[in-house]
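This report refers to the structure that appears directly beneath it.
What you are looking at is a predicted structure, and each value in this text was computed from that prediction instead of being measured.
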Amino acid sequence: MAEIAIKGVAKRFGGFTALHQVDLTIADQEFMVLLGASGCGKTTLLRIVAGLETPSQGEMWIGGRRVDHLPPRDRGIAMVFQNYAVFPHLTVFENIAFGLRMKKLPQQEVERRVNRTAELMHIEQLLKRYSGQLSGGQRQRVAVARALAMEPDVILMDEPLSNLDALLRLEMRAELKGVLAASKTTTIYVTHDQVEAMSLADRIAVMHQGRIVQAASPVEVYRNPAARFVGSFIGNPPMNFLPAAKAANGSWSVAGLTLPGPKSDRQAIEFAIRPEDVEAGEAGLPAIVRVIEPLGPHTLVTCDVEGGLFRAVLESSATVAVGDRLRLAPKPERIRWFDPETTHAI
Amino acid sequence: MNGKALPYLLLMPATLFLCVFFLYPFALVAFEAFTRDGAFTLDNFRTMAGSWKFPATVRNTLLLAAIVVPIQLAMALLMASVVSRLETGRSAALYIFAIPLGISDLAAGLIWLAIFDQSGFLNTLLSDLGIVDRPIMFLGYQSKLSIFIAVVLAEIWRATAIMMVILVAGMGLIPREYHEAAEVFGASPWKRFVRITLPLLRPSLQTAIILRVILAFEVFAVVAALGGTNLPVLMGETFNWQFTLQDRNVAAASALLILAISIGFTLLFLRVLRVPREARI
């Protein structure tokens with residue numbers, strides 16, 4: 001049982017604030033992904049959980065125990081590093097056994113655990129090799145096996161797949177998901193890759209400028225972004241945003257189209273819609289086609305709407321040409337509204 | 001011009017220089033060591049080894065190296081670990097530690113002579129504090145042990161920094177992730193040092209130890225300044241054979257012996273601290 005609670009954790013490096021008052025609770029056996037662009041503080045937060053970094057303020061709890069004064073080795077965690085950190089002077093066997101030897105487990109138990117995790121990660125034939133004789137993907141497997149062999153309460157992963165090529169990444173992603181689910185550990189996984197985050201996570205914590213903007217299930221984060229940043233960061237292509245002016249109470253004018261919306265005191269808010277949530281038809285947002293990108297299952301069309309960039313995902317059977325004037329009708333249930341000042345969803 | 005030949009061509013002048021001013025004189029010395037009056041003989045080595053001072057000379061030299069080098073290694077490792085961990089003031093610390101490197105070995109010997117001399121700093125301090133009534137003869141011919149200790153101190157003071165500088169550079173090459181991984185996987189600071197830092201530092205350790213051991217067998221000026229003839233060492237004896245006893249052939253033999261010992265230890269450390277190709281960083 002290892003629930004992780006991060007309570008009011010902040011981190012300052014000199015005059016720079018890397019984390020502002022972060023609060024996050026991760027349930028036992030949950031797979032939590034910290035997602036954000038580089039420099040958003042996600043790795044710093046992970047390193048604070050690991051104990052490799054000391055928070056400037058706040059508390060860290062793992063499994064009901066306060067750990068922020070404990071060294072990493074007493075926190076019941078294991079970690080997979082971005083560059084794997086597979087020790088070059090030790091064989092694969094000794095790398096996986098490293099933590100077990102530090103715990104002074106009997107040789108029999110060490111062998112049992114190394115062999116079991118090596119088998120799990122399909123590297124049992126590499127046990128006698130050194131890191132210099134392994135490919136990147138194999139080193140990755142060793143790093144994961146070394147973490148699993150500890151049978152930890154918590155596994156922390158710092159962009160573990162970012163150094164692999166695309167095909168290998170896809171394969172490892174699926175494998176990691178299976179292995180970690182079976183190991184029943186709580187996982188915190190840092191990545192800047194939204195596809196990785198969506199496919200692995202039970203919950204995603206989207207981070208931006210040292211804050212957690214939204215922590216929710218992948219579908220929730222995608223469908224109901226809590227802030228403009230989340231909508232613009234998640235989704236490929238990202239959400240479209242258009243200015244909305246007040247037409248009447250609860251009704252807004254967007255590019256000449258009047259749409260029902262939230263009641264607000266503001267005169268202007270922002271309208272947002274995902275590219276796949278519009279349909280070309282008789283009525284809708286007036287758009288002039290600028291670029292057409294056929295992607296196979298569908299066609300990505302980049303248009304001008306009121307002088308701004310607007311992307312639409314249309315069926316691949318749609319016949320459009322550059323310069324065409326389209327009417328793009330947003331699906332009413334998929335429209336989202338943002339306050340332009342707070343950038344929060346309304 | 002053929003591009004492949006260019007690097008060799010550029011190395012030619014330096015290679016020629018070494019051949020003319022190093023290899024050729026070296027061959028001459030080797031020739032002198034094995035000949036007398038133009039005839040091949042091992043007599044020069046017999047004369048050298050037959051001298052009543054020879055056993056003490058070899059013993060003193062080896063003993064000095066055996067005591068000084070491990071102490072220096074331990075200190076250099078400790079200092080390098082501390083310096084590597086500094087976040088600010090790292091270069092200032094390096095400069096200060098490296099000051100003795102800028103001083104010649106004779107000057108270093110003289111500095112320590114000024115400390116241990118009959119009227120030196122140490123005696124002045126002791127009598128000012130009322131600990132002794134009259135100066136102690138630290139470096140007299142009856143006190144071989146205190147001469148030896150003085151030489152050890154001076155050598156440690158003089159040449160620890162060179163090892164430290166090499167080790168600091170070596171530690172900088174070890175990616176920080178290895179230490180962090182070891183920390184997460186349960187290694188205490190001492191275990192991290194023994195299980196991660198030391199093995200990954202092997203190439204630098206090799207360089208530092210070989211360099212220092214060779215220097216230790218060539219110890220001369222510090223001993224001459226502090227001990228005179230009371231603590232004979234190999235290099236001092238070579239000097240004696242050449243200039244006091246005016247026997248170039250035995251001096252050459254003695255020089256070759258030092259070279260042989262240096263080569264022997266170099267090969268030993270190359271072998272012992274070898275890093276297999278597959279286990280490199």
Side-chain angles (χ1 to χ4, degrees), chain A residues 13-14 43 46-47 49-53 70-92 94-105 126 128-134 139 142-143 145-150 152 154-159 163, chain B residues 73 77 80-82 84-92 166-167 169-209 269-281:
Chain A
F13 294 104
T43 296
L46 187 80
R47 290 171 60 85
V49 177
L52 294 170
E53 213 78 72
L70 295 178
R73 64 174 180 276
D74 296 330
R75 295 188 178 199
I77 54 159
M79 189 160 169
V80 177
F81 290 81
Q82 185 172 5
N83 298 315
Y84 319 135
V86 173
F87 303 125
H89 61 294
L90 300 178
T91 59
V92 168
E94 285 304 323
N95 261 287
I96 301 175
F98 187 87
L100 311 174
R101 299 235 188 268
M102 291 296 128
K103 277 194 188 169
K104 299 202 161 62
L105 293 188
L126 303 176
K128 290 199 177 93
R129 297 221 196 148
Y130 287 91
S131 153
Q133 299 164 302
L134 304 179
R139 270 179 228 179
V142 175
R146 182 172 60 181
L148 289 173
M150 296 292 284
V154 177
I155 288 190
L156 307 175
M157 299 198 163
D158 187 6
E159 309 230 11
N163 289 342
Chain B
L73 181 63
L77 276 171
S81 305
V82 174
S84 295
R85 225 159 284 181
L86 288 182
E87 285 181 14
T88 49
R90 188 163 150 182
S91 12
I166 295 171
L167 295 181
M171 284 180 182
L173 292 176
I174 304 175
R176 208 172 64 160
E177 258 191 356
Y178 292 134
H179 295 284
E180 291 182 341
E183 196 177 347
V184 167
F185 287 100
S188 61
W190 172 249
K191 277 269 161 63
R192 291 205 288 280
F193 181 74
V194 175
R195 299 283 308 258
I196 306 297
T197 308
L198 278 186
L200 294 180
L201 201 58
R202 260 191 302 190
S204 310
L205 280 174
Q206 204 177 48
T207 312
I209 292 177
F269 286 118
L270 281 178
R271 178 91 201 110
V272 170
L273 294 171
R274 195 177 65 91
V275 186
R277 181 180 296 276
E278 65 272 15
R280 286 177 199 162
I281 295 182

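Considering only heavy-atom pairs separated by less than 4.5 Å from chain A, the leading option among Pro199(B), Gly186(B), Ser188(B) is Gly186(B). When Gly51(A), Pro71(A), Ala147(A), Ala85(A) are compared by the number of non-hydrogen pairs under 4.5 Å with chain B, Ala85(A) comes out ahead.
Annotation: side chain of Phe185(B) is in contact with side chain of Met150(A) (closest heavy-atom distance under 4.5 Å). Between Phe87(A) and Arg195(B) the shortest side-chain heavy-atom distance does not fall below 4.5 Å. Proximity of Met79(A) to Glu180(B): side-chain heavy atoms (C-beta onward) are nowhere separated by under 4.5 Å.
Contact annotation for Arg146(A): both backbone and side-chain heavy atoms come within less than 4.5 Å of a heavy atom of chain B. For chain B, the nearby part of Val86(A) is the backbone; its heavy atoms alone come within less than 4.5 Å.
Between Ala182(B) and Phe98(A) the shortest heavy-atom distance is CA-CE2, 3.8 Å. In this structure, Leu200(B) and Pro88(A) approach most closely via the heavy-atom pair CD2-CG, 3.5 Å.
Put simply, CG on Leu52(A) and CD on Glu177(B) are 10.0 Å apart, with the number rounded to the nearest 0.5 Å. One finds the CZ atom of Arg73(A) at 7.0 Å from the CZ atom of Arg192(B) (value rounded to the nearest 0.5 Å).
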